[in-house]
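Worth knowing before you read on, the calculation uses all heavy atoms, side chains too, and leaves out hydrogens, waters and symmetry mates.
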There are 2 protein chains.
Amino acid sequence: MSDQQQFFFTAPHITQNAGPDTTRTILGHDPTLMMLKMDFEKGAIGEIHHHLHTQATYVLSGIFEFTIGDKKRVVRQGDACFMPADIPHGCVCLEAGTLLDVFTPEREDFL
Amino acid sequence: MSDQQQFFFTAPHITQNAGPDTTRTILGHDPTLMMLKMDFEKGAIGEIHHHLHTQATYVLSGIFEFTIGDKKRVVRQGDACFMPADIPHGCVCLEAGTLLDVFTPEREDFL
């Protein structure tokens, strides 16, 4: 763990095309935790899905309609969402922006 | 888990005085994951400490000098830091700002 790049991420670490009009940038991770940014174009959709990982999302910019379980809410910069493990969730991007997503454990499927 | 407040956090959930010139606002948590904001006044210090929780930090605003293990780096908006479990870390706020901190498991000591 002596590599500075394991501690500080000032540039994109891993950038991935995450689907139509979405880009994923992994900022840091180890087996227990992953932090990444998701850039969305207006109209991009994060389809309803679920996973064993607990997820928290912070809205860095843009406007999104989130669905979590049977709840729906429009969220904007400074809002946060919390998704317990296995709960169905998804979003629609109403105005282009960026979400900060964190997961525990890490999303091995993103590596 | 049917309470909407468990999923969406558009207002401070729990705000705490976290020390001289620092304020903590818990945004969301369950036993596996906690997301919070830390507001720092210029000159505020997060003393070097360590904990069993893995931590990732995203700089929402301001300028901070972070120490993680034997590494030191100045970080600004859009930068991220990753702190493996038990690694000593701390920061000094060079320009007032806000950090988004996430922990796994949750910080029971903050509840």
Could you give the distance from SG (B/Cys81) to CZ (B/Phe66), rounded to the nearest 0.5 Å?
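The distance works out to 4.5 Å.
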Output the distance between atom CE (B/Met34) and atom CD (B/Glu106), rounded to the nearest 0.5 Å.
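CD of B/Glu106 is found 5.0 Å from CE of B/Met34.
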Measure B/Thr98 against the heavy atoms of chain A and call it side chain, backbone, both or neither at under 4.5 Å.
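Neither part, no heavy atoms under 4.5 Å.
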Could you go step by step and tell me if B/Val59 and B/Leu99 meet the side chain to side chain contact (heavy atoms under 4.5 Å, CB included) rule?
CA-CA 5 Å; B/Val59 184; B/Leu99 302 176; 3.9 Å; yes
Begin with the C-alpha distance, continue with both residues' side-chain angles, and end with the deciding distance and a verdict on side chain to side chain contact (heavy atoms under 4.5 Å, CB included) for A/Phe110 and A/Phe103.
CA-CA 11 Å; A/Phe110 291 166; A/Phe103 301 93; 4.1 Å; yes
Apply side chain to side chain contact (heavy atoms under 4.5 Å, CB included) to residues A/Leu33 and B/Leu33 and explain how you reach the verdict.
CA-CA 9 Å; A/Leu33 185 65; B/Leu33 185 65; 3.9 Å; yes
Tell me, with the steps shown, if B/Thr104 and A/Thr54 meet side chain to side chain contact (heavy atoms under 4.5 Å, CB included).
CA-CA 10 Å; B/Thr104 183; A/Thr54 306; over 6 Å; no
Counting only non-hydrogen atoms closer than 4.5 Å, can you tell me which residues of residues 35-53 of chain B sit against chain A?
B/Met35, B/Lys37
